[in-house]
Participant: 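Below is the structure I would like to discuss, written out as structure tokens.
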Amino acid sequence: MSTAWLERDELWRQCAILNFMNDRSFQDILEWVVLGLLIAVAALVVLWVGGWLFTFLGAILKELAGFVWALLRVLVPALIVVAVIYFVVRFVQKPKAA
């Protein structure tokens, strides 16, 4: 039974996670944790700034869409009137076939 315990203890020592922890000091592990936290904070800052940028971009595009809509509300009826006048003048000026 003692050999089984030694084999299990050897397998336990060969585990990759435990070897990683055994090869690293407490300061190394703490530095990795702090680095991970800094990366998480940087990612959150990037998302926050991106959110503000998309908010402003959305407001600008909304104003642009309003301007285009106002322009189309005036231009479409004017273009319809111009097209009707054009076809009426063209119809009146067409020579009559005898």
Side-chain angles (χ1 to χ4, degrees):
M1 188 177 264
S2 65
T3 58
W5 174 258
L6 287 176
E7 290 174 6
R8 194 173 74 180
D9 190 41
E10 184 64 29
L11 288 174
W12 185 263
R13 248 181 279 156
Q14 290 176 357
C15 181
I17 295 172
L18 293 176
N19 278 337
F20 172 76
M21 291 182 68
N22 287 336
D23 292 343
R24 305 283 186 244
S25 68
F26 178 73
Q27 182 179 357
D28 290 338
I29 294 171
L30 191 61
E31 286 174 357
W32 279 106
V33 169
V34 169
L35 180 65
L37 290 174
L38 286 174
I39 290 172
V41 168
L44 289 175
V45 167
V46 166
L47 288 173
W48 181 71
V49 170
W52 276 105
L53 287 176
F54 280 118
T55 298
F56 290 131
L57 181 64
I60 290 170
L61 290 176
K62 187 176 177 183
E63 292 297 321
L64 181 64
F67 173 72
V68 169
W69 180 253
L71 196 61
L72 287 175
R73 275 193 343 208
V74 173
L75 285 181
V76 168
L79 289 175
I80 290 173
V81 170
V82 168
V84 168
I85 292 172
Y86 171 77
F87 286 117
V88 167
V89 169
R90 186 172 167 205
F91 179 73
V92 169
Q93 289 182 352
K94 188 186 287 188
K96 303 287 182 192

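Excluded from the calculations below are hydrogen atoms, water molecules and symmetry mates; all remaining heavy atoms, backbone and side chain alike, are included. Nothing fancy with the numbering, it's 1 onward along the sequence.
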Participant: At what distance, to the nearest 0.5 angstrom, does CG of Leu47 lie from CZ of Phe54?
Facilitator: 10.5 Å

Participant: What's in the same ILVMFWY side-chain cluster as Val46, cut-off under 4.5 Å, chained through other members?
Facilitator: none

Participant: In the single-linkage hydrophobic clustering (I, L, V, M, F, W, Y; side-chain heavy atoms under 4.5 Å), do Val68 and Val76 co-cluster?
Facilitator: yes

Participant: Give me the other members of the hydrophobic cluster that Phe87 sits in, counting Ile, Leu, Val, Met, Phe, Trp and Tyr linked by side-chain heavy atoms under 4.5 Å, directly or via other members.
Facilitator: Tyr86

Participant: Can you get from Leu64 to Leu71 by hopping between Ile, Leu, Val, Met, Phe, Trp and Tyr side chains that sit under 4.5 Å apart?
Facilitator: no

Participant: Treating Ile, Leu, Val, Met, Phe, Trp and Tyr as nodes and any side-chain heavy-atom pair under 4.5 angstrom as an edge, say whether Trp48 and Leu57 lie in one connected cluster.
Facilitator: no

Participant: Taking atom CD1 of Ile39 and atom CG of Leu44, what is their separation to the nearest 0.5 Å?
Facilitator: 12.0 Å

Participant: Nearest 0.5 Å, what's the CG-CG distance between Leu35 and Leu30?
Facilitator: 11.5 Å

Participant: With sequence neighbours excluded, what pairs up with Phe56 under the ring-ring contact (aromatic ring centres under 6.0 Å, His included) test?
Facilitator: Trp52

